Amino acid sequence: MTTLLISRKVYPMIAITGATGQLGRLVITALLERVPADQVVALVRDPQKAEDITELGVDVRRADYSQPATLATAFVGLDKLLLISSNELGQRATQHQAVIAAAKAAGVTLLAYTSVLHADTSALGLAEEHRQTEQALHASGVPYVLLRNGWYSENYLASVGSALAHNALLGSAEEGRISSASRADYAAAAAVVLTSADQAGKVYELAGDESYSLSELAALISQQSGTQVAYQNLPQAEFEAVLVSVGLPAPVADLLANSDAAAAKGALFGDEQQLSKLIGRPTTPIAVSLQQTLAAL
Ligand SMILES: NC(=O)c1ccc[n+]([C@@H]2O[C@H](COP(=O)([O-])OP(=O)(O)OC[C@H]3O[C@@H](n4cnc5c(N)ncnc54)[C@H](OP(=O)(O)O)[C@@H]3O)[C@@H](O)[C@H]2O)c1
C-alpha cells in the first residue's frame, strides 16, 4: 500500500495595524511585492474604509486600539505584527499598551513598532509616547523590533502650496538639518523587516540619505516652481499661532511648532544611512518628492 504524503509549508501570517492610514496602505503594497496576499492581514479601525484592501485578497479584520476586545479577536493566528503608532495624540501610550498586551496573549512571535528617530534621546515632544511604548514593549517579553522612523518628507511638502501663495516658507527650525524620507521608503523598510528572519531585538534608526535645511528647501521650491520662495524663521510661539490661524487644531499646531524647534537642535537629523541599507536602494531625495508635489498641485 502506498502512503501519499502531502507536505504543506506553513507560512507566517503578517498583520499591519492602521492599515487604512497613509503609511499602512503603503506597507500593504510593499508587502504584496514580497509575499502572497493570503499571508497578509490588514487590521483596521473601520472595515468600510478597507474595501479596496479586501479586493487585493488581503484578510481585513477590525482592530480598534481603544477597544481591547476587538484586538483579542483580530489577533488570532497572527505570527508577525506591525504596530503602526496611533495618530490620537495623548492616548497613544495606553492604546499601544493594549495592542502589546493582546499580541502577547495571542502568542505573536515578532512585534515591529513604528517609533521615532532616536526615541531614547529625542528632544521632540512627540517622542515621549514612543518612549513609553518602547518601555512597555521591553517589559512585555514579546519579541520586538523597533523601526525608529525619521520625518516624512510629506510633512514639509504639505506646506508647498501655501509657500507658493505667500512667497514664504514659514517655520521655527532655524538652520537645523532634516533627514527626511518618503512614507513609501519607510513602508518598504517595514515590509523588508516583516519578511526577514532574525529581526527580534533590532533597533533601526531610519532616516533619509540626504539632509536639508528649510532655507535649502525654500530655494529648491523656488528653483523647481519658478516662483520665488524665501524661508522665514519665526519664534516657536509665533509659528504655532500662525498654524492655528490657518485652521490647524491647537494640539497639531503645538506639535508641529515643537517639532520645528527641536529640529533646530538636530532632532530630525540622522546620518546612520540604515534606511537605504535596509531597502537596498537610496532613499527618495527631497527634490524628487518635491517634483511629485508640484505636479499634483
Ligand atoms: N514620521 C513622521 O514624520 C510622522 C508624521 C506623522 C505621523 N507619524 C506617526 O506615524 C503614524 C502613521 O503615519 P500615517 O501617515 O500613516 O498616519 P495616518 O494616515 O494618520 O494613519 C494613522 C492610522 O492610525 C489609525 N488609528 C488611529 N486611531 C486608531 C484606533 N483607535 N484604533 C485603530 N487604528 C487607529 C488610523 O485609522 P483610520 O484609518 O480609521 O483613521 C490610521 O489608519 C501616525 O499615526 C503617527 O503616529 C509619523
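Quick note: residue numbers are just sequence positions, from 1. Hydrogens, waters and symmetry mates play no part in the numbers below; they use all other heavy atoms, side chains included. Read the numbers this way: they start at 1 and go in the same order the structure lists the ligands and their atoms. None of these values were measured; they are calculated from a predicted model.
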Kindly list each side-chain donor-acceptor pair under 3.5 angstrom involving residues 38-51, sequence neighbours excluded, with atom names and distances?
from	atom 1	to	atom 2	distance (Å)
Q39	NE2	P12	O	3.1
R45	NH1	E88	OE2	3.1
D46	OD1	Q48	N	3.0

Donor-acceptor side-chain pairing of E154 and S289 below 3.5 angstrom: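 The answer is no; no qualifying pair exists.
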Taking a 3.5 Å cut-off between nitrogen or oxygen atoms, can you list every pair linking ligand 1 to the protein, with distances?
from	atom 1	to	atom 2	distance (Å)
ligand 1	1 (N)	G150	O	2.9
ligand 1	3 (O)	Y152	N	2.9
ligand 1	3 (O)	N155	ND2	2.8
ligand 1	10 (O)	Y152	OH	3.1
ligand 1	13 (O)	Y152	OH	2.9
ligand 1	15 (O)	R183	NE	2.8
ligand 1	15 (O)	R183	NH2	3.2
ligand 1	16 (O)	Q22	N	3.2
ligand 1	16 (O)	L23	N	2.7
ligand 1	19 (O)	Q22	N	3.0
ligand 1	19 (O)	Q22	NE2	3.0
ligand 1	20 (O)	N87	ND2	2.9
ligand 1	28 (N)	R45	NH1	3.1
ligand 1	28 (N)	E88	OE1	3.4
ligand 1	31 (N)	D64	OD1	2.9
ligand 1	31 (N)	E88	OE1	3.3
ligand 1	32 (N)	D64	OD1	3.3
ligand 1	32 (N)	Y65	N	2.8
ligand 1	37 (O)	R45	NH2	3.4
ligand 1	39 (O)	T20	OG1	2.7
ligand 1	40 (O)	R45	NE	3.2
ligand 1	40 (O)	K49	NZ	2.9
ligand 1	41 (O)	R45	NH2	2.8
ligand 1	41 (O)	K49	NZ	3.3
ligand 1	43 (O)	G18	O	3.3
ligand 1	43 (O)	G21	N	2.9
ligand 1	45 (O)	S85	O	2.6
ligand 1	45 (O)	S86	O	3.3
ligand 1	45 (O)	N87	N	3.3
ligand 1	47 (O)	S85	O	3.2
ligand 1	47 (O)	S85	OG	2.7
ligand 1	47 (O)	S86	O	2.8
ligand 1	47 (O)	R92	NH1	3.0

Side chain to side chain, R177 and E216, heavy atoms closer than 4.5 Å: yes
Identify every side-chain donor-acceptor pair in residues 27-34 under 3.5 Å, counting partners at least two apart or on other chains, and give the distances.
from	atom 1	to	atom 2	distance (Å)
T29	OG1	R25	O	3.0
R34	NE	T195	OG1	2.8

Near-ring test Y186/Y152, centroid separation under 6.0 angstrom: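 For Y152 and Y186, the ring centres are under 6.0 Å apart.
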Check residues 241-258 and write down every donor-acceptor pair under 3.5 Å in which the side-chain atom is one partner and the other belongs to a residue at least two apart or another chain.
from	atom 1	to	atom 2	distance (Å)
S245	OG	V242	O	2.6
N258	OD1	G125	N	2.8

